[in-house]
Amino acid sequence: MEEVTLKRHFLALLFFLFCGIVSNATDEGLITKQIVVQLDDAGTLSNKIGTSKKYKITNLKLVGKMNGTDFLFVQDMAKTNGALAQLDLSDVVIVSGGEYSVKDNELGDNVFENCGSLVHLSLPSNLVSIGNSSFSGCINLKSLVIPARVNSIGSYAFRNCRELTSLTIPSSVTSIKKYTFSGCSNLISLEIPSGVSSIGEHAFSDCNRLASFVFPSSVVSIGDYAFSDCSSLNNLTMPSSIITIGYWAFSGCSGLNNLIIPSGVTSINDYAFFGCSGLTSLTIPSSVTSIGPSAFNGCSGLTSLSIPSSVTSIGSMAFNGCSSLTSLTIPATVTSIGYYAFRNCSGLISLTFSPGVTSVGESAFCGCSSLVNLILPTSISSISSGAFEDCSSLVNLIVPSGVTSIDSYAFKGCRNLTNLIIPSGVISIGANAFEGCRNIGSLSLSSSLTSIGSNAFSRCSGLTSLSLPSGIAEIGSGAFSGCSGLTSLTLPSGISRIDGDAFSGCSGLSSIYVYAEKLPKMGRNVFTDCDAKKCTVYVPRGTYDEYWLSEFGYFENIVEFDATSIDNITTFSDTKEFSRYSVNGQRLSGPAKGLNIVKYSDGSVKKVAVQ
């Protein structure tokens, strides 16, 4: 037992000795103490360090003059093969010249770009500018002090410096240029000087740990995507000096909860606050005249909204998916509402239009499933496709008298709609316009109506009676298909076309009155799944044969009547053969071998097999 224990101790000792040897071997070539190099002449750094130590130094302080050639050498020390982690340039004077373009007291473009080993950096105290992409891709850079004399920081300067947590920008800087801090994913705090007037596009995009930001009162513009996807940003106060908020400026700032738009802003640009799902409170000033497409799209936490009377247009998808919004008033100044503007605002209960709106865009209120009552202003002349589709709680609807067309899918899926008034000026109802409105019990259609689109009233199973106005010329395919509660149907004299499946599935039909002396052009399966035995079709006197040979022949009971007087229905007491036809519809002078279709004087029809 004692011998086994000794062996275990011996093996453990060997293991630790081996790990120590490996560790020492790994670090053996690196020079970890600070190396100080005096540069009396610019461009001589490579001679001072040499190639043998170039990739081994981890901590370097330079004193004296540096030019472009020296910076190229330092770049190599901090890139893929290098180990340079700490660099002190505080006592360096940058002079122009060398193999890399630099100017006196300026840090040139791309000078430390992708120097992945750099962790700590001190810049020259007399530095006046930092060039484009100077530190872009320095993914391990944690600390950096920008000298007080710096008055310009270039575009992309600190892009993707992922370990940088804080930074102070000197007071002499007047603008934050595009992509300057984009992708600084660990940046928590940043001080912007009072002289800054503009923040460029993507300046802070993807700084997803940045929780608060204080704008100085000098800022007048915020560029496109400036703070996009800053998901931790929750405290934001914009000064009244701001007049422009760019496209996508705060998109994806899901932590933002309160927002007051400055009074100098006149338009809220496209996607400006797209996806700010945590936003609960929003104040839009009276200076704003337009709200751009998708400006607040996906702000699902927004509970209240007041649109000022200065606004004249609301762009497409502007408030799409604002599912917590409960009430909304559209001011009289608004003349147009873009497509999908309030789509899927599923919590919206109250919607008020002020007079002035002339058009409602496609699917503008589609999916507002909590909306119960809707009164549209008289100024509206058309209802666009899908405008109120799937407003499944909607009960009452009065279409304004000025409306001339109801486009496709306008009220599709409004399954609780019971009261529907369509004014006399409507001349067309588009495809699927009221499809699935299963609680509509009666339907009064405009006398001016000339066409009903395909599936316009499909699956309106609560509809019991239907009298089509005299102006109707065309009925689209499936227009009333699935209206299983429909018991009576009147087709006017001017009907010229009935497309396929127009009344298929109307299983409750018991009577159809047709006033057209000329048989309408018929599609296929017009009356499929109707009750052929139960339903009686009344056709104008003298048209029996023509109707019987058409899709109307689906019904077993076809009766002629005086179309000028609905009470004067003609029937026949004698049951004599009236006419005979082949299965192809050709009239026969007498019995012919095969299957004959025989019509009798009482209106009954039988199939007779002739041997």
Side-chain heavy atoms of Thr244 within contact of Thr266, under 4.5 Å: no
Beyond-backbone contact of Ile314 with Ile330, side-chain heavy atoms, under 4.5 angstrom: yes
From Leu519 atom CG to Trp548 atom CH2, the distance as rounded to the nearest 0.5 Å: 14.0 Å
Within-4.5 Å side-chain heavy-atom neighbours: Val514 and Tyr538: no
Expected output: side-chain Thr312 to main-chain Thr289 donor-acceptor under 3.5 Å: yes
Geometric class of the Phe353/Phe365 ring pair [parallel <30°, tilted 30-60°, perpendicular >60°]: perpendicular
Note, Thr237 side chain near Phe215 side chain (heavy atom, < 4.5 Å): no
Pairing residues for Ser458 by the side-chain hydrogen bond (donor to acceptor under 3.5 Å, both in side chains) criterion, not counting sequence neighbours: Ser481
Heavy-atom check, side chain of Ile398 versus side chain of Leu374, under 4.5 Å: no
Side-chain heavy-atom pair Ser359, Ile337 within 4.5 angstrom cut-off: no
All pairs passing side chain to side chain donor-acceptor pair (under 3.5 Å) where residues 324-348 contributes a residue, at least two apart: Asn320-Arg343
Nearest heavy atoms of Arg415 and Asn439, plus distance in Å: O-ND2, 2.7 Å
Listed once per pair and sorted, the side chain to side chain donor-acceptor pair (under 3.5 Å) pairs that draw on residues 370-395, sequence neighbours left out: Asn373-Asn396, Ser385-Ser408
Listed partners of Asp499 passing salt bridge (Lys or Arg N to Asp or Glu O under 4.0 Å), at least two apart: Arg497
Shortest non-hydrogen contact between Ser217 and Ser241, atoms and distance: O-OG, 2.7 Å
Shortest non-hydrogen contact from Pro331 toward Ser354: C-CB, 3.6 Å
Aromatic ring proximity, centroids under 6.0 angstrom, Phe527 and Phe555: yes
Non-hydrogen atoms of Asn269 and Ile245 that approach each other most closely: ND2-O, 2.9 Å
With Phe204 via ring-ring contact (aromatic ring centres under 6.0 Å, His included) - residues at least two apart: Phe181, Phe213, Phe227
Lys518 atom NZ, over 12 foreign heavy atoms within 6.0 Å: no
Test item: Phe552 and Val539 side chains (from C-beta on) under 4.5 Å apart, heavy atoms: no
Main-chain N/O of Lys533 paired with Asn557 side-chain donor or acceptor, under 3.5 Å: yes
Glu435 with Arg459: basic N within carboxylate O range, under 4.0 Å: yes
Could you list the donor-acceptor pairs under 3.5 angstrom formed between side-chain atoms of residues 246-259 and any protein atom two or more places apart in sequence or on another chain?
unit_1	atom_1	unit_2	atom_2	d
Trp248	NE1	Tyr225	OH	3.3
Ser251	OG	Trp248	O	3.0

Validation row: Val360, Phe342 side chains within 4.5 angstrom (heavy atoms): no
Inter-residue atom distance Ile242.CD1 - Ile261.CD1, 0.5 Å rounding: 9.5 Å
Contact summary for Pro400 and Ile380, nearest pair of heavy atoms: CB-O, 4.4 Å
Nearest heavy atoms of Glu474 and Ser496, plus distance in Å: CG-OG, 4.4 Å
Parallel, tilted or perpendicular, as decided by the 30° and 60° cut-offs, for the rings of Phe480 and Phe457: parallel
